Amino acid sequence: MDDAELTKLTTIPMTSRNARMLERTARRRLRRDGAAFVADLGVGLAPRHRSMPAGSDASAAFDDLFDHLVRLLAVTRGPGHVGELLRLLAAGRPDDPEHDRYVASVLASCQRPADLAPVYEEGGAASEELRACLLHELVLRGVPVAETPGIASWATSPHWRDHPLAALPLVPAEPERDPDLPAYSVDGSSCGFPYPDPEDRYPAPRLDAAPAAVANWAEHPEEPEGRVEARTFAFPEPLEPGALPGALVALGLDCLTDLGELPEPGRKTAFGVVPVEAAEVWRFLFAASSTGGAYDSACYAAYGRLHAWRSLASLAGAPPDAPASEVEARVRECTWYRFAADTPWFHRVVWDLGVLALSPDRRRLAVLAATTTD
């Protein structure tokens with residue numbers, strides 16, 4: 001592309017209509033001229049954006065255009081695409097950790113691991129946040145990052161050991177199988193919802209549990225924004241599996257307030273406790289953090305993985321500074337359940353979550369409930 005054409009395209013008034021025209025031009029010229037054209041366009045427009053009043057129509061139009069250029073390069077495989085994307089990010093979003101998390105998700109979903117080596121080049125344009133997030137996005141997709149050329153040297157280097165994500169293992173743990181990860185295209189994305197159907201009905205529980213003594217409770221700080229209840233209870237005697245639903249009702253949980261009279265066993269009710277594997281609980285927690293709720297901003301898979309493990313660790317009773325191997329062992333030892341209830345506390349739309357962890361001696365019960373709506 002000659003300088004005259006670049007000057008013409010980068011000096012037109014920035015309106016939503018012109019932004020859409022530039023998007024179409026970028027798509028067409030990517031196929032014809034390669035990734036350098038798309039990056040040149042964004043790099044040429046970036047200085048003007050810095051002079052635009054924040055919140056103005058022109059600034060919003062540029063943001064939409066820039067995001068489209070980033071996604072166009074990130075989802076489309078081709079020679080030099082990742083390197084040109086990094087050049088574009090350095091010009092338009094040089095210090096934006098939240099955007100780096102998004103870009104890492106798109107790259108991991110759409111690009112071949114071998115083509116991601118430019119992200120990890122020593123002295124390259126990629127931020128440490130982008131590198132760390134991309135690494136764990138790849139781990140969740142089953143990529144052996146410690147053995148992948150171009151990535152392994154950075155992944156196994158101790159220099160980033162103080163990054164929050166460095167506490168996570170470089171191979172998926174047992175509960176992390178089959179995570180719900182988004183798929184991206186130029187025009188959008190899609191992701192599954194692992195939450196149980198809010199209209200599920202369960203067999204009524206038997207109410208033969210002994211009265212429970214509550215030892216302590218604590219709010220869990222790692223869950224997404226929304227209505228959240230997190231508590232831990234201690235019982236004087238081991239809690240038998242059949243007594244768990246009745247004991248749960250007797251604990252005075254906010255999420256079970258106004259549950260009403262439970263029907264006789266054998267009838268159906270919109271309250272129930274169902275045994276599950278730890279992997280299913282991890283999927284609930286991972287989805288809640290990585291994809292967000294109705295209005296929550298997604299933090300994407302790398303931090304979703306971190307938050308899910310922190311929540312599992314707390315529910316399983318692991319110390320806050322426990323290594324990943326100890327957390328995984330504690331998780332395996334616990335018995336896990338999900339629960340649901342038709343009460344005013346739960347919105348019962350899509351984003352309802354209720355999980356329980358019962359310790360190996362069956363005397364410690366950790367409860368986490370969360371809900372939000374659109």
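We count residues from 1, following the sequence as given. Every value quoted in this text rests on a predicted model; they were computed, and no experiment measured them.
Between His99 and Tyr102, the ring planes are tilted. Angles from 30° to 60° get that label.
No single ILVMFWY cluster, assembled from side-chain heavy atoms under 4.5 Å apart, contains both Phe37 and Val43. Tracing side-chain contacts under 4.5 Å through hydrophobic residues (I, L, V, M, F, W, Y), one never reaches Val171 starting from Trp282; they form parts of separate clusters.
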*Just do the salt bridge (Lys or Arg N to Asp or Glu O under 4.0 Å) check on Asp40 and Arg87 with the steps written out, would you?*
CA-CA 9 Å; Asp40 284 341; Arg87 186 164 67 91; 3.0 Å; yes
*asked:* As a quick check of understanding, evaluate side chain to side chain contact (heavy atoms under 4.5 Å, CB included) for Leu306 and Leu165, giving each step before the final call.
replied: CA-CA 7 Å; Leu306 178 65; Leu165 296 176; 3.9 Å; yes
_Working for side chain to side chain contact (heavy atoms under 4.5 Å, CB included), residues Val38 and Asp33_ = CA-CA 9 Å; Val38 179; Asp33 300 317; over 6 Å; no
*Check the pair Glu121, Trp154 against side chain to side chain contact (heavy atoms under 4.5 Å, CB included), reporting the backbone distance first and the verdict last.*
CA-CA 9 Å; Glu121 288 179 354; Trp154 190 91; over 6 Å; no
*asked:* Under the criterion side chain to side chain contact (heavy atoms under 4.5 Å, CB included), I'd like the reasoning laid out for Glu280 against Trp336: C-alpha separation, chi angles, the key distance, then a yes or no.
replied: CA-CA 9 Å; Glu280 186 170 346; Trp336 297 87; over 6 Å; no
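In this structure, Leu140 CG and Leu168 CG are separated by 8.5 Å, a value rounded to the nearest 0.5 Å. The CG atom of Leu239 sits 13.5 Å away from the CZ atom of Arg364 when rounded to the nearest 0.5 Å. Residue Trp309 holds its CH2 atom at 5.5 Å from CD of Glu176, rounded to the nearest 0.5 Å. Rounded to the nearest 0.5 angstrom, Glu128 CD and Asp100 CG are separated by 10.5 Å. Of the inter-residue distances, the one linking Leu256 atom CG with Asp342 atom CG reads 11.5 Å to the nearest 0.5 angstrom. To the nearest 0.5 Å, atoms NE2 (His68) and CG (Leu73) are separated by 9.5 Å.
No side-chain heavy atom of Arg131 sits under 4.5 Å from any side-chain heavy atom of Trp160. Side chains of His307 and Leu285 form no contact here, defined as non-hydrogen atoms less than 4.5 Å apart. In this structure the side chain of Leu356 reaches within 4.5 angstrom of the side chain of Val273, judged on heavy atoms. The shortest side-chain heavy-atom distance between Phe286 and Leu181 falls under the 4.5 Å cut-off. Using a 4.5 Å heavy-atom cutoff, the side chains of Arg28 and Thr25 are in contact. Side chains of Arg27 and Thr76 form no contact here, defined as non-hydrogen atoms less than 4.5 Å apart. Residues Arg231 and Leu253 have side chains in contact (heavy-atom distance under 4.5 Å, counting atoms from C-beta outward). Side-chain contact between Leu365 and Leu251 is present, with at least one heavy-atom pair separated by less than 4.5 Å.
Partner of Leu85 under the side chain to side chain contact (heavy atoms under 4.5 Å, CB included) criterion, out of Val106, Leu72, Val70, Val119: Val70 alone. Exactly one of Leu130, Asp63, Val103 qualifies for a side chain to side chain contact (heavy atoms under 4.5 Å, CB included) with Arg93. That residue is Asp63.
Judged by distance alone, with hydrogens and angles left aside, the side-chain atoms of Glu137 form a donor-acceptor pair with the main-chain N or O of Ala301 at under 3.5 Å. In terms of modelled atom types and a separation under 3.5 Å, the side chain of Arg77 and the main chain of Cys110 share a donor-acceptor contact. Of the possible polar contacts, none joining the Tyr337 side chain to the Leu358 backbone as a donor-acceptor pair under 3.5 Å is found. The main-chain N or O of Cys255 is found under 3.5 Å from a side-chain atom of Glu229 such that the two form a donor-acceptor pair. Judged purely by atom type and a 3.5 angstrom limit, Thr148 uses its side chain to pair as donor or acceptor with the backbone of Pro144. The backbone N or O of Ala152 sits nowhere less than 3.5 Å from a side-chain atom of Glu147 that would complete a donor-acceptor pair.
Across every non-hydrogen atom of Cys133 and Arg101, the tightest pair is SG-CG, 3.6 Å. Minimum interatomic distance between Ala146 and Leu170 (heavy atoms only, all atoms of both residues): CB-CD1, 4.5 Å. When all heavy atoms of Arg310 and Pro164 are compared, the closest pair comes out as NH2-CB, 4.5 Å. Here the closest heavy-atom approach between residue Leu116 and residue Val82 is recorded as CD2-CG2, 4.2 Å. Between Gly80 and Ala35, the closest heavy-atom pair is O-CB, 4.2 Å. Contact record, Ala19 with Ala61: CB-O, 3.7 Å, taken as the closest heavy-atom pair.
Using a cutoff of 4.0 Å between basic side-chain nitrogens and carboxylate oxygens, Glu240 and Arg362 are not scored as salt-bridged.
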For residues 322-335, dump all side-chain donor-acceptor pairs below 3.5 Å to protein atoms at least two apart in sequence or in another chain.
from	atom 1	to	atom 2	distance (Å)
Glu328	OE2	Glu174	N	3.3
Arg330	NH1	Gly317	O	2.7

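More than 12 heavy atoms of other shown residues, nucleotides or ligands fall within 6.0 angstrom of atom CG in Asp64.
Using a 3.5 Å distance cut-off with no hydrogens or angles, the side chains of Asp361 and Ser359 do pair a donor with an acceptor.
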